[in-house]
2 protein chains.
Amino acid sequence: MRELVYGVLDKNRKALSLYEIEQQFDNVDRSTIFRTLKTFQDNLLIHSVDDGSGAVKYALCDDDCTCSLDDLHYHFLCTKCGQTHCLKNMPIPKVDLPEGFNFENANFVIKGTCPNCQG
Amino acid sequence: MRELVYGVLDKNRKALSLYEIEQQFDNVDRSTIFRTLKTFQDNLLIHSVDDGSGAVKYALCDDDCTCSLDDLHYHFLCTKCGQTHCLKNMPIPKVDLPEGFNFENANFVIKGTCPNCQG
DNA sequence: ATAACTTTGCAATACTGTTGCACGTAATTC
DNA sequence: GAATTACGTGCAACAGTATTGCAAAGTTAT
Ligand SMILES: [Mn+2]
Ligand SMILES: [Mn+2]
Ligand SMILES: [Zn+2]
Ligand SMILES: [Zn+2]
């Protein structure tokens, strides 16, 4: 199962929801995939994005990625097709927080139309 | 009801979830508050943030704010107390998207510890 | 007073995420 | 190789949030 789920994420090259992954199989239970994704996340193979679509999405990490801290990148949710893209070449900038606020993590989601949905 | 809900948001000065607002009343139904918030949002009195906590949060807009487009600011979710702050004096920077991507909207959430939760 | 419209509460529903449990399979130990 | 242990899977149930249909109550206009 792990190989198959990994394969789906690898093939699609974008962030997928639990449901979307489930759709790519016949007769595999949601919970199995859920737990597989959890395992992946615990072992830093994937990262998750809450893009505001209602479902958390999952995408492969790059080999050298340590998503929990330094490899944070923008994500892009297309309002037409609903696909979520990792903008991996766009690291998020350092933010100067007001006094007393302590940075731990960030989730920067941009919404708009993706290259497939222009025109 | 609208005056009361507005009052709660005004008093708290931070983004509150539907549930948190509900807690501040006796015997007011969730759906009534939900619809009140929807009305506020349709009339640009408030904006909502999906901070990844599982519940959407709502906060008052400034007088001149047109949240849908230009008045986008960072939001800060405290991982200790769970409170969400509008960093209204911190407009989000312009982002240079890759070719083909079209900016419409953004949701930038930073997680960490807030001033109340240091030490 | 009557009619038309709005607001509210209740209940039901949808959707996502999450967990307990039992069972089958694989790995380990003796 | 048989007994034991650990692991992976499916099913079903449950939790939390968001959302809607409907009827009753309240408000405004005629
Ligand atoms: Mn990503
Ligand atoms: Mn805000
Ligand atoms: Zn698209
Ligand atoms: Zn705090």
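Every value quoted in this text rests on a predicted model; they were computed, and no experiment measured them. Numbers restart at 1 for each chain; the letters A, B, ... are given by sequence-line order, proteins then strands.
Atom CG of B/D29 is separated from atom P of C/dT7 by 16 Å (rounded to the nearest Å). Distance B/K38 NZ to C/dT8 P: 15 Å, rounded to the nearest Å. D/dT17 atom P lies 15 Å from atom CG of B/L37, rounded to whole Å. Rounded to a whole Å, the CG atom of B/L16 is 14 Å from the P atom of D/dT17. Put simply, CD1 on B/I33 is 15 Å from C1' on D/dT19, counting in whole angstrom units. Whole-Å rounding puts the B/E20 CD to D/dA18 C1' distance at 16 Å. One interatomic measurement links the two molecules: CZ of B/F34 to C1' of D/dG16, which rounds to 15 Å at whole-angstrom precision. In this entry the distance linking CZ of A/R2 with C1' of C/dT25 reads 14 Å, nearest Å.
Proximity note for B/R30 (side chain, C-beta onward) versus C/dT19, C/dG17, D/dT19: the nearest is D/dT19. In this structure, of C/dT8, D/dA13, D/dT19, it is C/dT8 that holds the atom nearest to the side chain of B/M1. Counting only heavy atoms from C-beta on, A/T32 has its side chain closest to D/dG10 among C/dG17, D/dG10, C/dA11. Here the nucleotide nearest the side chain of B/V28, chosen from C/dG17, C/dG9, D/dA18, is C/dG9. Which of D/dC11, C/dG17, C/dT8 sits closest to the side chain of A/R35 comes down to D/dC11.
Taking OH of B/Y74 as the start and CZ of A/F101 as the end, the distance is 14.0 Å to the nearest 0.5 Å.
In the model, A/S17 has no side-chain atom that pairs as donor or acceptor with a side-chain atom of A/K57 under 3.5 Å. Side-chain contact annotation: A/T79 with B/E104, donor-acceptor N/O pair under 3.5 Å present.
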Output, in order, the C-alpha distance, side-chain angles, deciding distance and verdict of side chain to side chain contact (heavy atoms under 4.5 Å, CB included) for A/E22 and A/R30. CA-CA 6 Å; A/E22 190 188 358; A/R30 222 195 348 269; 3.5 Å; yes
